[in-house]
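Inspection log for the structure reproduced underneath, given as structure tokens.
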2 protein chains.
Amino acid sequence: MPKDVQPRPCSIADTLEVVGERWSLLAVRELFHGVHRFDGIARNTGASRDILAARLRKLEAAGVIRRKLYSEHPPRYEYHLTQAGRELGDVLLALAKWGDRHLNADDPPVRWHHSCGELLDPVVVCATCGRPAREGAHSPVGRGAR
Amino acid sequence: MPKDVQPRPCSIADTLEVVGERWSLLAVRELFHGVHRFDGIARNTGASRDILAARLRKLEAAGVIRRKLYSEHPPRYEYHLTQAGRELGDVLLALAKWGDRHLNADDPPVRWHHSCGELLDPVVVCATCGRPAREGAHSPVGRGAR
DNA sequence: CCAGTAGGTTGGAAAAAGCAACCCACTGCC
DNA sequence: GGCAGTGGGTTGCTTTTTCCAACCTACTGG
């Protein structure tokens, strides 16, 4: 960081410090797909094993995932999402929807069934009024608004 | 990529190829905040100028932003979001909400007013039934589901 | 004339990523 | 018993990125 700049305080930046490195969100994606073991995550993401090991350590330290021993001698672990990790699902849904619309419009690679019986089409809405969040957002407030 | 692996086809991965590098989403964030010029984006994100220039080129090539000439001699540009870029707002809202909850629970740095009059609390819901998207999602389908 | 603003580019150093190879402790399998 | 295979890494070395400071050009204002 150049010494004279003071970046905007921002939860987006803070979140990206935790999960914004390459492979981190793809590892989380695999946990949502039910792949809980190192080799499977490595295969399905394409991450090299050393980098993946580092990312899993960092996600664990950040409280996004938890290791569970499923074999002693030799110690073997499965990786599971914490509650905080599960809440990253909203980020993944937003990323997936954008890619489905703008990069894979002809053939979305993955869709999810929703409990209502339909294929899930995730939308971000205002919890108060239920209308689309983005179009109605205006006037930022707080120490990061300037 | 190790030669024998075939990563999961996935719009999340594809989207991250476009906007997943460091600083890219923060630059987009600044455009949402109404900061459209190079120096402002550099200051508010903390990105170094060479990297920021490269990121803006890439975002432009990907159709996320558009440059607008506002001065000839010397040529000077403002950066503006395209429609595709505006749709990344949902990703930013999801990232911001996660950070507000898990990293800045005591003092969220930025909130947005919503057109309904309340402070925006963005939630991701199923477009069909209106219920939370994440909890109800199950059974992935498509060539990326395995 | 001089400082400041705007939008970069260049050079060199430091950090991160990538990949193959190795390692250890098992579990079958013949 | 021997030998391959699986799971979960770590090590060593090379290639990419990133970072930062410094520089450059073309104006504008005082």
Side-chain angles (χ1 to χ4, degrees), chain A residues 1-7 13 16-28 30-31 33-62 65-80 146, chain B residues 1-8 13 16-28 30-31 33-62 65-80:
Chain A
M1 189 93 59
K3 58 192 81 175
D4 52 334
V5 301
Q6 187 84 358
L16 290 174
E17 284 293 309
V18 175
V19 298
E21 288 167 306
R22 202 171 173 199
W23 309 119
S24 292
L25 281 176
L26 296 187
V28 172
E30 287 307 308
L31 300 182
H33 276 281
V35 177
H36 296 286
R37 298 193 182 175
F38 189 90
D39 274 27
I41 298 170
R43 249 194 318 279
N44 289 343
T45 58
S48 52
R49 304 167 66 82
D50 53 350
I51 301 296
L52 180 60
R55 292 291 180 274
L56 292 172
R57 293 293 162 278
K58 180 167 177 181
L59 289 172
E60 188 187 11
I65 63 178
R66 200 171 42 234
R67 292 203 295 178
K68 285 187 185 162
L69 197 71
Y70 73 91
S71 144
E72 313 179 50
H73 296 306
R76 289 290 175 265
Y77 299 93
E78 289 186 329
Y79 297 91
H80 288 266
R146 43 190 185 187
Chain B
M1 188 97 58
K3 60 192 83 178
D4 53 334
V5 300
Q6 187 82 0
R8 184 196 298 280
L16 290 174
E17 285 293 308
V18 175
V19 298
E21 287 167 305
R22 204 174 172 198
W23 309 118
S24 292
L25 281 176
L26 296 187
V28 172
E30 288 307 308
L31 300 182
H33 275 280
V35 177
H36 296 286
R37 299 193 181 174
F38 189 90
D39 273 28
I41 298 171
R43 250 193 317 280
N44 288 343
T45 59
S48 52
R49 304 168 67 81
D50 54 349
I51 301 296
L52 180 59
R55 293 290 182 274
L56 291 172
R57 293 291 162 278
K58 180 167 177 179
L59 290 173
E60 188 187 10
I65 64 178
R66 201 170 42 232
R67 292 204 295 177
K68 286 187 185 164
L69 196 71
Y70 72 91
S71 145
E72 314 179 49
H73 297 306
R76 289 289 176 267
Y77 299 94
E78 289 187 330
Y79 297 92
H80 288 266

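These numbers were taken from a predicted model, which means no experiment stands behind them. Convention: sequence-line order gives letters A, B, ...; per-chain numbering from 1.
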Review point. Can a salt bridge be assigned to the pair B/Arg22 and A/Glu17 using a cut-off of 4.0 Å between side-chain N and carboxylate O?
Key: yes
Rounded to whole Å, CD of A/Glu21 lies from P of D/dT18 at a distance of 12 Å
A/Ile51 atom CD1 is separated from D/dT17 atom C1', nearest whole Å, by 12 Å
**Request:** Ignoring hydrogens and angles, answer whether the base of D/dG8 and the side-chain atoms of A/Arg49 contain a donor-acceptor pair closer than 3.5 Å.
**Result:** yes
From CG of B/Leu26 across to P of D/dC19 the rounded distance in Å is 11 Å
A/Asp39 atom CG is separated from C/dC23 atom P, nearest whole Å, by 18 Å
Rounded to whole Å, CD1 of B/Ile41 lies from P of C/dG7 at a distance of 9 Å
Phosphate contact (C/dA17 OP1 or OP2) by A/Trp23 side-chain N/O below 4.0 Å = no
Picking from C/dG7, D/dG8, C/dT9, the nucleotide nearest the side-chain atoms of B/Ala53 would be C/dT9
Query raised in the report: Does the side chain of A/Arg66 reach to within under 4.5 Å of the side chain of A/Glu60, using non-hydrogen atoms?
Result: no
From the candidates C/dG8, D/dC19, D/dA26, the one with an atom nearest any side-chain atom of B/Pro74 is D/dA26
In whole angstroms, the gap separating P of D/dT17 from CG of B/Leu52 amounts to 18 Å
Taken to the nearest whole Å, CZ/A/Phe38 to C1'/D/dT10 is 10 Å
side-chain contact (heavy atoms from CB on, under 4.5 Å) test vs A/Trp23 passes for just one of A/Ile41, A/Ile51, A/Leu56, namely A/Ile51
A/Asp50 has its side chain closest, among C/dG7, D/dG12, D/dC19, to D/dG12
| request: Return yes if some donor-acceptor pair links the side-chain N/O of A/Ser48 with the main-chain N/O of A/Asp50 below 3.5 Å, else return no. | output: no
- request: Using a cut-off of strictly less than 4.0 Å, decide whether A/Arg67 has a side-chain nitrogen or oxygen near OP1 or OP2 of D/dG8.
  value: no
Atom CD of A/Glu78 and atom C1' of D/dT6 are separated, to the nearest Å, by 15 Å
For the residue pair B/Tyr70 and B/Arg37, confirm or rule out a side-chain donor-acceptor distance under 3.5 Å.
yes
- Message: Whether A/Tyr79 contacts D/dG9 is assessed here as follows: a side-chain N or O lying under 4.0 Å from the phosphate OP1 or OP2. Is that the case?
- Response: yes
Compare side-chain N and O positions of A/Tyr70 against OP1 and OP2 of D/dG8 and report whether any pair is under 4.0 Å apart.
yes
Any donor-acceptor pair under 3.5 Å between the side chain of B/Arg76 and the base of C/dA6? yes
Query raised in the report: Between B/Arg22 and D/dC19, does any side-chain N or O lie under 4.0 Å from OP1 or OP2?
Result: yes
